[in-house]
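Below, chains carry the letters A, B, ... as their sequence lines are ordered, and counting in each starts from 1. All values below come from the heavy atoms of this structure, side chains included, with hydrogens, waters and symmetry mates left out.
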There are 2 protein chains.
Amino acid sequence: MESKKDLRTITRKDIAIEAGVTETIVSYVINGNRYVKEEKRRKVEEAIARLNYRPNSMARALKGKKSNHILFIADDIKGEYFGKLISEIDGLAYKEDYFITLCADHQDEDFVNRIYSKFFDGIVIGSASFPLHNIQRLIDAGIPIVLLEIRDYSSIQGVYGLINTGLYEGSRRVVRTLYERGRRKLLFLDRVSTSGNWSSMDDWRLKGFTDQCNVYRLEPVVVSGCRTEDELSAKVIDLLASGYVPDGIFGRNDPIALVGMQACQKMGFNVPDDISVIGFDNTRLCRFSSPTLSSVEIEQSEIARWVMDMMMSLIDNRSSFEKRLEVYLDTKLVMRESV
Amino acid sequence: MESKKDLRTITRKDIAIEAGVTETIVSYVINGNRYVKEEKRRKVEEAIARLNYRPNSMARALKGKKSNHILFIADDIKGEYFGKLISEIDGLAYKEDYFITLCADHQDEDFVNRIYSKFFDGIVIGSASFPLHNIQRLIDAGIPIVLLEIRDYSSIQGVYGLINTGLYEGSRRVVRTLYERGRRKLLFLDRVSTSGNWSSMDDWRLKGFTDQCNVYRLEPVVVSGCRTEDELSAKVIDLLASGYVPDGIFGRNDPIALVGMQACQKMGFNVPDDISVIGFDNTRLCRFSSPTLSSVEIEQSEIARWVMDMMMSLIDNRSSFEKRLEVYLDTKLVMRESV
DNA sequence: CTGAAAGCGCTTACAG
DNA sequence: CTGAAAGCGCTTACAG
């Protein structure tokens, strides 16, 4: 088979020949940063259209232009939560001529080096487990960074974007809501993680829950450290069997909340009569369980909008900012049958 | 604020100086394609480690090396299905030093031009709505392509990878299963799409369903053309109210199946006594609905493995293949309470 | 065994 | 108004 490499290799030179102008002229037409005589401009534009030419982004990036790639680091690509968010960001990015590269969080040091290879104009970090010192390293290196504030990032120095997605306030509201319904014995169910990556106190959801419980002088129980949903279910059942019966359960995300709910049901408790359950993320799961699950909804579209907004600002004028850009978003609690 | 650009700009030159060798030597050490005296090699390797150097991928790609970026085109980034798949692929890709760029399918012609800008070593197409002629264009251009066979791709010419994920056989098995349980009046619920992107007969799920119904001489009903889940629900309710009561429902994916199931329940029918329901993708939804939902499971890990496998083969030796690479995978039907 | 040099496809300061 | 030229950071054929 013949190599058809040529088909993808329409270069500036081809356009110059096709349009009968210098390569320089082609560049200036594309970048629009110098006056070019109307006639030449038209010829170039026609040639570009005719040959479907697009300047090679790598060559441009090499010369200091943008690569038009943004990296999104997530720790749970699988979850529906990120799916929606990525999908929204992708839509906005496409309009700005950007591509989104998606990557799970990797713990090895080499990961940062790989990112360093200069491919990305900016990085969005939506992972709760990406090491702080690595984030700092990337910021210090001058790469535009936008952080989704899943945990406490107040120690991070420098210029970057910070999007507080309202996890902390949302979690506090869950506690307030449960409290107002007379619930006093609250149970927090942490995420399950095969890699042992559970929430610590700088996790905003757990912290919001704990802080608000303190306000009410409640003594909540936290179930953490499970590697599978089955393990979590068993732990909850043990807890119930041992005589500790909560009257309110807050799951770190919807599936977790549902695992808890099912465990309660299995032990003969009624949701919501005996125990109220609230989840987080308001995924589709909420509408199909029985009872349907109340859940905290994060404003995905708003987040996506801010991610791109901050990223574009940082990419274009990073050096003009004195300190980090911040925005605080709200969550809303979607009430269904489980409370 | 000072520009800290320099921090991300450790180049081959820096390594050469640090190691006291020529830049050429550094290149050969990195690429390992020429003998370099042991001592120099060690010095270079040490300098690389000390300075955390990584060759600029764009410069390498410009010189004909790989960009180490693979593009994944999906039409439903949001769905849990793609989330899992992407996550698996990302894991494998990372080991091969590749990044996965994720992009929703865009219908405009310019989309292909953008892809052309030479950024990607290969493209995985997991979208059912990416125009066939654009796929052909990319293949003809010599870009390694792997297709997830969501619909019929038999008309595509040339060398590429094709992964048949078993949708057709899986759908036929659903019909067989329902038939064996005595179900004769079958209903297929198509996806909802705000952009009007519904299944046609080259969609393997719908085709598998229809073909197997023909084998049994059944006369199934297909509900398609809905833009929202509420609309779909209303349509099903109308259907039931009008007197057509199916005894078996097959949903194109799990949420769709659950919408159908809830509509039936709302109309007073019992699932599974009156009506059996089966979904597709075996997402988490299945375990939390009541009754729990039977569903066809696709082998995500196997698909991911084959995607990367074929992609690596095509990238490394595309020209050595005479025709397309194919693999047929199986699905399994996970039975739960809804049948 | 190794270096100087050409060149990948661009951008833009420099010099008309 | 416009062109020839330098250079981005690399790879590798060419010539020792």
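Among residues at least two apart or in separate chains, salt bridge (Lys or Arg N to Asp or Glu O under 4.0 Å) pairs with a member in residues 17-30 of chain A are R12(A)-E23(A), E18(A)-R50(A).
Checked against the 6.0 Å centroid criterion, the rings of F99(B) and F120(A) qualify as a close aromatic pair. Checked against a 6.0 Å centroid threshold, the rings of Y153(B) and Y160(B) do not count as neighbours.
For E39(A) and K43(A), the salt-bridge test passes: some basic side-chain N is under 4.0 Å from an acidic carboxylate O.
Between D105(B) and S129(B) the shortest heavy-atom distance is OD2-OG, 2.8 Å.
Paired with R42(A) under the rule salt bridge (Lys or Arg N to Asp or Glu O under 4.0 Å), one option of E46(A), E45(A), E38(A) passes, and it is E46(A).
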Counting only pairs under 3.5 Å, give me each side-chain donor-acceptor contact of residues 302-313 of chain B, with atom names and distances, residues two or more places apart or in other chains.
{"from": "E302(B)", "atom 1": "OE2", "to": "R305(B)", "atom 2": "NE", "distance (Å)": "3.2"}
{"from": "S313(B)", "atom 1": "OG", "to": "D309(B)", "atom 2": "O", "distance (Å)": "3.0"}

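Between K13(B) atom NZ and dG7(D) atom C1' the separation is 11 Å, expressed in whole Å. In this structure, N31(A) atom CG and dA13(C) atom P are separated by 11 Å, rounded to whole Å. Here dG9(C) presents its P atom at 16 Å from CG of N56(B), a figure rounded to the nearest Å. In this structure, I30(A) atom CD1 and dC10(C) atom P are separated by 7 Å, rounded to whole Å. For K43(A) and dT2(D), the NZ to P distance is 11 Å, given to the nearest whole Å. The nearest whole Å value for the distance from the CE atom in M58(B) to the C1' atom in dC8(D) is 10 Å.
Side-chain contact between I30(A) and R60(A): present, with at least one pair of heavy atoms (C-beta onward) separated by less than 4.5 Å.
Within residues 20-28 of chain A, the residues approaching DNA chain D are T22(A), T24(A), I25(A), by heavy-atom distance under 4.0 Å. Contacts between residues 32-41 of chain B and DNA chain C, counted as heavy-atom distances below 4.0 Å, involve R34(B), Y35(B), V36(B), K37(B), K40(B).
Inspection of the S154(B) and D152(B) side chains reveals an N or O donor paired with an N or O acceptor under 3.5 Å.
Consecutive pairing runs in DNA chain D reach the stem threshold at C:1-3 with D:14-16, C:5-12 with D:5-12, C:14-16 with D:1-3, where a stem means at least three Watson-Crick or G-U wobble pairs with distances under 3.5 Å.
Under the side-chain hydrogen bond (donor to acceptor under 3.5 Å, both in side chains) criterion, E88(A) pairs with S301(A), not counting sequence neighbours.
The shortest distance between the side-chain N/O atoms of K65(B) and the OP1/OP2 oxygens of dT12(D) is below 4.0 Å.
The CZ atom of F130(A) lies 4.0 Å from the CD1 atom of I73(A); values are rounded to the nearest 0.5 Å.
K63(B) contributes a side-chain N or O that forms a donor-acceptor pair with the base of dG7(C) under 3.5 Å.
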